[in-house]
Each structure stands twice: as C-alpha cells, then as structure tokens.
There are 2 protein chains.
Amino acid sequence: MVVAVTDQGPSILTVGQGSALPSGPFELGHRSLQSGLRAWVEEQTGHQLGYIEQLYTFADSDRIGEQRQQRVISISYLALTRAEQAAGPAQRAWRRWYDFFPWEDCRAGIPPMIGEILQPRLLAWADGASNDQVKRERRQRAAAGFGWDGHAWNEELVLQRYEQLYEAGLIEEAMRGPRPGVSLPIPGIAMTADHRRILATGIARLRSKIKYRPVVFELMPPVFTLLQLQRTVEALSGRLLHKPNFRRLIEQQELVEETGETTADTVGRPAKLFRFRHAVLDERVVSGMKLPLSRS
Amino acid sequence: MVVAVTDQGPSILTVGQGSALPSGPFELGHRSLQSGLRAWVEEQTGHQLGYIEQLYTFADSDRIGEQRQQRVISISYLALTRAEQAAGPAQRAWRRWYDFFPWEDCRAGIPPMIGEILQPRLLAWADGASNDQVKRERRQRAAAGFGWDGHAWNEELVLQRYEQLYEAGLIEEAMRGPRPGVSLPIPGIAMTADHRRILATGIARLRSKIKYRPVVFELMPPVFTLLQLQRTVEALSGRLLHKPNFRRLIEQQELVEETGETTADTVGRPAKLFRFRHAVLDERVVSGMKLPLSRS
DNA sequence: GATATTATACTCATTTAGAGAATAATTGGA
DNA sequence: TCCAATTATTCTCTAAATGAGTATAATATC
C-alpha cells in the first residue's frame with residue numbers, strides 16, 4: 001500500500017484499473033522481503049519506495065477469493081512517499097483512499113451516509129441475530145465503532161469498521177463466492193481479493209502512528225508551511241484540527257525548524273516555511289504528534 | 001511466544017532445553033495461520049492458547065542461521081495465558097524472560113550491568129566506526145536507547161536495544177556463522193535461530209500494548225487484588241509504579257469491579273478482591289492503562 | 001496495647017489539553 | 001489610499017490529567 005498526499009487528499013498507488021494494490025511473489029532472487037517488495041512495486045508502477053513498514057500477514061483462504069487448494073500467504077506493507085514522486089507517467093494509477101472508504105472522511109463533519117445508509121443496514125443486521133445476547137452485542141459494537149449513542153468518533157477504528165461491515169455482508173467483497181449477496185453493497189469502491197482489507201489495516205496503522213512517531217514528514221515536501229502540515233495530518237486522520245493548538249504542539253516538540261523563507265503565492269499573510277529537523281530522529285525517541293481535535 | 005506471569009515474574013514457554021520457542025510449519029490441514037499455530041503449540045507443549053496476536057513476519061536468511069538455498073518465512077505470534085495454565089507437566093519448559101534480557105529489568109533500578117558491561121562495549125563499538133559521522137550517530141543511538149546523557153529510560157525500546165547489541169556484535173546470536181565472534185557475548189541466554197529477536201519484539205509489543213488496551217487481564221487470575229495487578233504490570237514493563245496513582249487510574253477507567261471478598265492470607269490490612277469487567281470490551285474501545293511511573 | 005505491615009483515601013502543585021480571542025501581515029478591489 | 005477579506009501568528013483562560021507525597025484504616029505479631 002503506497003501512500004502519498006496531494007491536493008486531492010491521501011491517495012494510494014493501484015494497478016489493474018485501480019482495483020488492486022501492487023504485489024508479487026517472494027522469489028529466491030530477492031534478498032529480503034523488503035527488497036522483493038521494492039522490486040515488484042518498481043516493476044509494476046515505476047515507483048521507487050522510501051519509507052516502508054510491515055503491516056500484517058494474511059492467509060485466510062476464505063477471504064482472498066481463491067481456490068482452497070492453493071495456499072497464499074500475503075505479507076502486506078505500508079509505504080509512504082512524497083507527492084512529487086507521485087507525479088509522472090503512472091499518475092493515473094493514483095486513487096483517493098476515501099473513494100474506497102467514504103465513511104472514513106469526517107473533515108466536513110460525520111458523513112451523512114453513515115446515518116442514512118450504514119446505520120439502518122447495520123441495525124437490520126443486528127436484529128437478524130438469532131438471540132438477544134448476540135443482538136445486543138452487535139448493536140453495542142456498531143455504536144462504539146461508528147460513534148452512535150454518545151460514543152465519540154474514533155478515527156483509528158478503520159479496520160474494525162470495515163470488518164464489521166464485511167461481517168454484516170454490506171461490503172461487495174463479502175458478497176462474492178458461492179453464495180452471492182442479494183442486496184446492493186454500500187458505497188465505496190471494491191478491490192481484488194482482500195486488498196481493501198489491507199488498505200483498511202494501513203489507514204488504521206497510519207492514523208495511529210502519526211500520533212507517536214513523526215512519520216507525516218515522509219509525506220511532506222522538503223519545505224512546507226505549518227498549515228500544509230496540518231492539512232496533511234487532517235487528510236490522513238479524516239478530522240479537523242485546532243490550528244493554534246496544532247502549532248503549539250509542533251513547535252513545543254521542536255520537530256521542525258524555520259527555513260527563514262516565507263510563501264509568496266498565497267492570499268493573506270505569507271506563512272513561514274519550515275523543514276523537518278532530521279536530527280530529532282537520532283537525538284531522542286521521537287514522540288509523534290498528538291492530535292488537537294477541533295469541534296467545528 | 002507464549003507468556004504467563006508467575007511469582008517468578010514474566011515467563012515464556014520454551015522447547016528444546018529452553019532455547020527455542022514452540023513453532024512449526026503452516027500446513028494444508030490448517031484452516032488458518034492461527035489454528036495452525038494453536039495446533040503446533042498444543043502438540044509441542046500441551047498448552048491450549050487463549051489470547052493471541054500476530055507479531056511480525058521475518059524472512060532474513062542471514063539472521064536465522066540456515067542455508068541460503070532454503071527460504072524460511074517466520075510468522076511470529078504473541079500469546080497471553082494465565083499462570084494457572086502454566087502449571088502442570090510442561091512446567092519445566094517455562095523460563096523467565098529476563099534471563100534472556102537481563103538489561104530489561106529496571107524494577108530494582110537500572111541494572112548495574114548496563115553501566116558496567118554494555119556501556120563500555122557499546123562505546124568501544126561506536127569508536128570502531130570508520131568515520132566521525134558514524135561514530136557520533138552510534139553514540140547518539142546508544143545513549144537514546146539505554147538512557148545515558150540525560151536521556152530517560154524508555155521501557156518500550158526492547159527491540160531497538162537488542163538490535164543495537166546485535167549490530168555491535170555483543171549478542172551470541174550475532175557471533176554465529178562463517179565469522180565467529182572473538183570476544184565473549186554479554187550476559188543473557190541465547191536462543192535458536194532468531195527466536196530471541198522474536199522475544200524482543202513480543203516484549204516490546206506487550207509493554208506498549210498494556211498502555212492502550214486492557215491486555216494485562218489475560219495474564220491475571222479471575223480474581224486479584226490491585227497490588228497483584230500492579231505487580232504484574234511492573235513485571236511486564238520492568239519498572240516500578242506509583243501505587244496511589246495506579247489505583248486511581250484503574251478505578252477511574254472502571255476496568256475492574258469489586259467481588260465483595262477480601263484476601264485473608266496476607267500480613268497487614270486485607271485487600272479487596274477485584275475482577276475484570278469483561279463488559280468494557282463491548283461498551284467502548286478501551287483505552288488501556290497509562291503507567292504512572294515512580295522514581296524510587 | 002504498641003508496632004509493623006499493607007491497604008486505601010486525600011491533597012496539592014504542575015503540566016497538558018481544549019477552546020477561543022486578539023493581533024499581524026498580506027492581497028484585491030472600492 | 002483605504003477598507004474588507006484572508007490567512008498567519010501569538011496569547012489567554014479554563015478544565016482536566018499527571019506526578020508526588022501525606023494521612024488514615026485495618027489487619028497480624030509480639
């Protein structure tokens with residue numbers, strides 16, 4: 001899962017009409033999992049990867065839509081890359097990640113589809129349970145996951161939400177196989193095999209990790225304004241942040257330093273330009289950035 | 001990596017004279033990775049696993065001490081089990097985890113071996129670097145990892161510390177292979193292949209996870225006192241906690257409820273007994289327990 | 001009945017987080 | 001030229017969480 005952030009928001013690199021993640025078999029020629037990964041991504045997309053981290057290893061034969069005889073083990077990785085890199089010939093292969101998870105973007109408030117589509121269908125699914133115990137437990141889980149009944153929205157629960165929608169049979173991928181679904185899937189682009197699950201895992205990991213490691217900077221250009229940084233974090237986490245408090249956090253932690261320059265091309269007061277202080281990576285075990293959430 | 005906590009402290013289940021973790025190949029008969037895992041552990045140790053979570057997938061041929069021709073992919077898991085389960089015929093296979101990582105137990109203060117053995121050898125290794133840039137970077141990393149030069153001790157850096165000691169050639173496992181080490185390895189029991197690395201990964205994961213998910217309770221008996229709970233957390237994290245504040249945190253979060261009973265067998269005032277409120281797992285996404293560290 | 005020992009409850013200062021107001025430096029147009 | 005609009009930046013205030021220590025309670029032992 002290769003991520004970059006553009007004006008379009010967070011996007012991922014896809015192959016095959018945008019429905020699959022770049023991937024390939026681990027072969028004897030590969031020195032390590034990571035080098036094999038880099039080779040496949042470069043071959044399939046022309047992209048050189050920078051920061052990568054392992055996500056999860058899947059081997060559920062019932063989830064990948066393949067024959068039971070074949071044993072496929074998928075070792076998934078998350079890669080972060082800069083928007084500049086994202087340009088070029090392969091550009092059409094980038095797709096916004098919220099196209100796959102429309103319910104995960106709460107920057108303009110909780111998306112109406114959650115109340116209008118997901119809630120009724122999840123409640124219907126809960127009511128379809130055989131006994132009251134299970135019914136209650138399903139409703140409870142849905143409420144905690146989607147922020148109903150006084151539960152706060154938690155942007156990190158991407159995978160739990162996806163899995164619950166899958167379990168409820170509302171996701172297109174869950175309708176495949178011998179017993180195809182009878183109803184329409186909910187909005188959100190489906191993917192090959194369990195690639196959308198890998199995506200959900202990666203988004204969850206990234207949303208969690210930006211809070212305790214300074215990984216956002218892997219997605220930023222070398223020089224940026226604090227608002228650009230904030231917008232990137234907001235795009236990833238799917239929530240709006242409180243500007244002055246975001247500033248305070250960033251400066252307190254000394255994650256960035258001024259370049260001395262300011263932006264020229266903007267409307268309004270020009271903003272100072274900053275760069276990431278790479279030195280912090282050695283100096284200390286860096287304690288990412290907590291998100292100063294904003295109501296509005 | 002199967003973990004239980006006894007009076008002896010945190011222990012892990014081993015096979016083969018205590019130098020290897022239970023493991024086995026993923027076969028066609030296994031429904032999933034998890035079920036294959038459970039089958040192997042039960043066969044090799046007689047133990048039924050409860051809570052498990054995936055750790056990491058390794059495939060570095062140079063780290064497992066095997067032939068280059070053979071491609072082994074190790075998918076490692078962390079399992080938590082109760083001390084009761086730990087008794088029985090397989091008992092001798094349990095080993096304290098600090099026997100493998102003596103530098104990780106700071107409950108009685110920073111272990112002297114860090115200053116007496118690790119520091120001089122790590123600094124010597126740093127000075128052996130070819131140029132000043134690398135020298136400085138190595139010293140910096142060691143200081144941040146082991147808490148020198150005003151850096152605070154961070155109990156979560158288990159893997160980083162192990163990897164650095166490995167890189168410096170101080171770990172027995174790093175002295176194997178074609179070019180055997182010339183000097184003595186530092187204290188700490190070595191293991192087969194890269195099993196000690198898996199252990200380091202698991203300890204790090206657990207130390208981090210107890211802070212944001214209520215996983216400690218997987219290691220507790222059904223009923224316990226708050227001090228027993230505290231001692232367990234301390235044993236895992238390798239640090240002492242501030243008793244009143246620990247109490248406050250636990251009760252604030254309503255993770256436990258009183259059973260109404262008290263302990264009889266103790267010296268001093270009898271302690272109330274508590275049990276884990278399993279309901280919290282449904283009610284909300286539980287926000288583990290932050291560690292109220294103590295100086296003394 | 002004093003003392004040791006452990007449990008439990010409270011207090012206080014400091015830091016951090018959440019929210020909003022005030023001020024500064026631009027551009028674009030009246 | 002001056003005013004509105006726009007964005008950047010700095011401050012202030014309040015509430016909550018954290019870190020540390022003290023006080024009180026209930027038991028066993030001598």
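Every chain is numbered from 1 and lettered A, B, ... according to where its sequence line falls, protein lines coming before strand lines. Predicted, not measured: the structure shown is a model, and the values here were computed from it.
- Summarising the geometry, the separation between CD on Q252(B) and P on dA9(C) is reported as 14 Å, rounded to the nearest angstrom.
- For R248(B), the listed nucleotide lying nearest its side chain is dG19(D); candidates were dG19(D), dT8(C), dT10(D).
- Scanning both residues, R239(A) and W153(A), for their nearest heavy atoms gives NH1-O, 3.1 Å.
- For P244(B) and L226(A), each mapped to the nucleotide of DNA chain D holding its nearest heavy atom, the one lying further toward the 5' end belongs to L226(A).
- Side-chain contact check for R207(A) versus E104(A): some heavy-atom pair is nearer than 4.5 Å.
- For the pair K272(A) and dA8(D), the criterion of a side-chain N or O lying under 4.0 Å from OP1 or OP2 is not met.
- Between F146(A) and W148(A), the two ring planes are parallel [angle under 30°; tilted spans 30° to 60°].
- Ranking dT9(D), dA7(C), dA20(D) by closeness to the R247(A) side chain, first place goes to dT9(D).
- Summarising the geometry, the separation between CG on L249(B) and P on dT8(C) is reported as 16 Å, rounded to the nearest angstrom.
- Remark: the Q160(A) side chain and the Y162(A) side chain contain no N/O donor-acceptor pair separated by less than 3.5 Å.
- Atom P of nucleotide dT8(C) and atom CD of E258(B) are separated by 8 Å, given to the nearest angstrom.
- In this structure, Q228(B) atom CD and dA7(C) atom C1' are separated by 13 Å, rounded to whole Å.
- Within the 4.0 Å cut-off from OP1 or OP2 of dT9(D), not a single side-chain nitrogen or oxygen of K243(A) is found.
- Below 30°, between 30° and 60°, or above 60°: for F276(A) and F217(A) the angle between ring planes is below 30°, a parallel geometry.
- As a whole-Å value, the separation of L240(B) CG from dA20(D) P is 13 Å.
- One atom, CD of E261(A), and another, P of dA8(D), lie 17 Å apart when rounded to the nearest Å.
- With respect to E156(A) and K211(A), a salt bridge is recorded, a charged nitrogen being found less than 4.0 Å from a carboxylate O.
- Spacing between atom CG of L241(B) and atom P of dT18(D) amounts to 14 Å, rounded to whole angstrom units.
- Atom pair F246(B):CZ and dG19(D):P shows a separation of 14 Å (rounding to whole Å applied).
- Each of T201(A), L199(A), I198(A), I203(A) was checked for a side chain to side chain contact (heavy atoms under 4.5 Å, CB included) with L159(A), and the lone residue meeting it is T201(A).
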Return a single string for nucleotides 24-30 of chain D, one symbol per nucleotide in 5' to 3' order, where B is base contact, S is sugar-phosphate-only contact and - is none, cutoff 4.0 angstrom on heavy atoms.
-BBB---
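- Ranking dT8(C), dG18(C), dA7(C) by closeness to the N245(A) side chain, first place goes to dG18(C).
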